[in-house]
*Asks:* 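Attaching a single structure in structure tokens format; questions to follow.
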Amino acid sequence: MTDIPLIFVATCDLAGQTRGRAVPAADQAKVLHTGVGWVPADLAITSFGPIAEENVFGSTGDLRLLPDASTGIDVPAGDGRPGVRLYLADQVLPDGSPWPCCPRTFARTALAELRRRAGLEVVASFEHEFVVDGLEASPPFSFTRFRDVEPFGSRLVGLLAEAGLAPETWLPEYGDGQFEITLRPDDAMTAADRAVLLRELVRDLARRTGRRVTFAPLLDPAGTGNGVHVHLSLRDAETGEPVLYDPARPGRLSEIGGRFAAGVLAHARAVTAVTAASPASFLRLTPHRWSAGGVFLAERNREALLRICPTTSLGGGDPARQLNLEYRAADATANPWLVLGVLVRAGLQGLTAGYDQPTVWPEDCSEDDLAGVPPLPGSLGEALDELAKDDVVRGWFDDDLLRTYLDVKRAELTLVDGLTPEELCRRVADVH
Ligand code: GLU
Ligand code: MG
């Protein structure tokens, strides 16, 4: 602890930014109980800096950022910067009760409802793609690219392991300078926390080692996107047994899995307003990019909004413990807790409201077969309008949280009004 002068207590907000306050490390024990001060209107800050005008909270009110001790990680020293201990926090009222607009509380409440109403728990993992600037051109997925970025990759994997984030795979991806890092699946709240921490660890390591990285959904409208794919599986809350797998059904997806997927598909056009949260996000969500080309569920198809992932029998692997659904229409401009919360709420809606079982498109279906599937919204503005009019989705949010989300995102759209798609990609990349 002696070489760590400060601890930073943080939230992740509607702009997908990690913000908070530092206190002397000597005060850690106290701060874990009392938190640090915070301001409701901070939730109305856009990703480009200015606060959304006429925010519902005004200039009054006070909150505490109450750290969750289990989230603490040490961000190491380097390049003239001291180390820091970083905690993720809930935003609570001064008496410690939950603040209904806190995104982390939104996720926790959704998971609690899924457990209460459906007896299910979620296991999740967030896969991140990002671009490292300034590398020489190299072939997709190549050993050359993997080596060119070293020692960044080895240091990142080591750092994630040390911080307890359970790194799984580090790979050179398809796009220029693009990489992907995956973490092992874990309980969903842990997975969402790790998504927030991972982004900061990647950015911090890049700065300490003289590199620039961006998680922006697209750097160039014609280029390859950076997605955040969210892998979800369900297990029985009592027995811990996985419940998505049924070899007798299409796609080997159980009836429960089908109902969960039906909810996500039914509300996808509103849900994407939360999962693809920047004005540039919908430039990525178009066909033939392997991002998500339409609102459908398919076996092992990377154009699907929901992909039923493969399993392997190598090493005696049990398919029931591997089968998971991958939601592909998220990116790192979104808040991971909100992403998790809306996906869980949508799935729960499918489980409880008796939606029809969705079509499971087989692996060999053609583009013509898929011609009739509903499109995703064409822009963030369109998605926000869907969110504003979907009464089911609206009902998942506290009124002030929903209103602030819409205000922040519409303010972000205003701030980039008139930019060409190229300029828009660059503007979003500057802040993500
Ligand atoms: N880069 C793609 C995206 O924008 C994903 C490619 C893949 O399947 O990993 O989501
Ligand atoms: Mg990938």
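Atoms within a ligand are numbered from 1 in the order they appear, just like the ligands themselves.
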*Asks:* Cut-off 3.5 Å, side chains only: do Thr312 and Gln322 have a donor facing an acceptor?
*Replies:* no

*Asks:* Counting N and O atoms only, with roles assigned by atom type, does the side chain of Arg117 sit under 3.5 Å from a partner on the main chain of Leu348, one being a donor and the other an acceptor?
*Replies:*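 Side chain of Arg117 to backbone of Leu348: no pair is present.
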
*Asks:* How wide is the angle at the Mg ion (ligand 2) between OE1 of Glu180 and OE2 of Glu129, to the nearest 10°?
*Replies:*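 That angle works out to 100° after rounding to 10°.
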
*Asks:* Treating Ser138 as the side-chain partner and Thr144 as the backbone partner, does any N or O pair qualify as donor plus acceptor under 3.5 Å?
*Replies:* no

*Asks:* In Å and rounded to the nearest 0.5 Å, what is the CD to SG distance from Glu200 to Cys12?
*Replies:*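 Rounded to the nearest 0.5 Å, the CD-SG separation comes out at 8.0 Å.
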
*Asks:* Starting from atom 8 (O) of ligand 1, what is the nearest protein heavy atom, named by residue and atom, and what distance separates them?
*Replies:*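 Result: Arg328 NH2, 2.8 Å.
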
*Asks:* Less than 4.0 angstrom from a charged side-chain N to a carboxylate O is my criterion; do Glu382 and Arg269 meet it?
*Replies:*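 Yes, Glu382 and Arg269 are salt-bridged.
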
*Asks:* Does the ring centre of Phe179 sit less than 6.0 Å away from the ring centre of Trp170?
*Replies:*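 Ring centroids of Trp170 and Phe179 are less than 6.0 Å from each other.
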
*Asks:* N/O of Thr224 under 3.5 Å from N/O of ligand 1, yes or no?
*Replies:*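 No: no nitrogen or oxygen of Thr224 is under 3.5 Å from one in ligand 1.
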
*Asks:* Which atoms of ligand 1 sit under 4.0 Å from any heavy atom of Arg302?
*Replies:* 8 (O)

*Asks:* Could Arg426 and Glu423 be called an ion pair, given the rule that one side-chain N must be under 4.0 Å from one carboxylate O?
*Replies:*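 Judged by the 4.0 Å cut-off on N to carboxylate O distance, Arg426 and Glu423 do not form a salt bridge.
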
*Asks:* Give the numbers and elements of all ligand 1 atoms closer than 4.0 Å to a heavy atom of His229.
*Replies:*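 Within the 4.0 Å cut-off of His229, ligand 1 contributes 3 (C), 5 (C), 7 (C), 8 (O), 9 (O), 10 (O).
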
*Asks:* Any N or O on Arg289 sitting closer than 3.5 Å to an N or O of ligand 1?
*Replies:* no

*Asks:* Which residue from Glu129, Arg284, Gln178 reaches closest to atom 10 (O) of ligand 1 through any of its heavy atoms?
*Replies:*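 Minimum heavy-atom distance to atom 10 (O) of ligand 1 goes to Arg284.
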
*Asks:* Could you list the atoms of ligand 1 found under 4.0 angstrom from a heavy atom of Glu180?
*Replies:* 9 (O)

*Asks:* Please list the nearest protein heavy atom to atom 5 (C) of ligand 1 with its residue and the distance rounded to 0.1 Å.
*Replies:* Trp290 O, 3.2 Å

*Asks:* Looking only at distances, can you tell me whether any N or O atom of Ser291, backbone or side chain, sits closer than 3.5 Å to an N or O atom of ligand 1?
*Replies:*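 It does not: no N or O of Ser291 is found under 3.5 Å from an N or O of ligand 1.
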
*Asks:* Do Ser366 and Asp369 pair up side chain to side chain, a donor and an acceptor below 3.5 Å, judged on atom types alone?
*Replies:* yes

*Asks:* For ligand 1, does Glu127 get within less than 4.0 Å through its side chain, its backbone, both, or neither, judged by non-hydrogen atoms?
*Replies:* neither

*Asks:* Provide the atom name of the closest N, O or S atom of Glu173 relative to the Mg ion (ligand 2).
*Replies:*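 Sorting the N, O and S atoms of Glu173 by distance to the Mg ion (ligand 2) puts OE2 first.
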
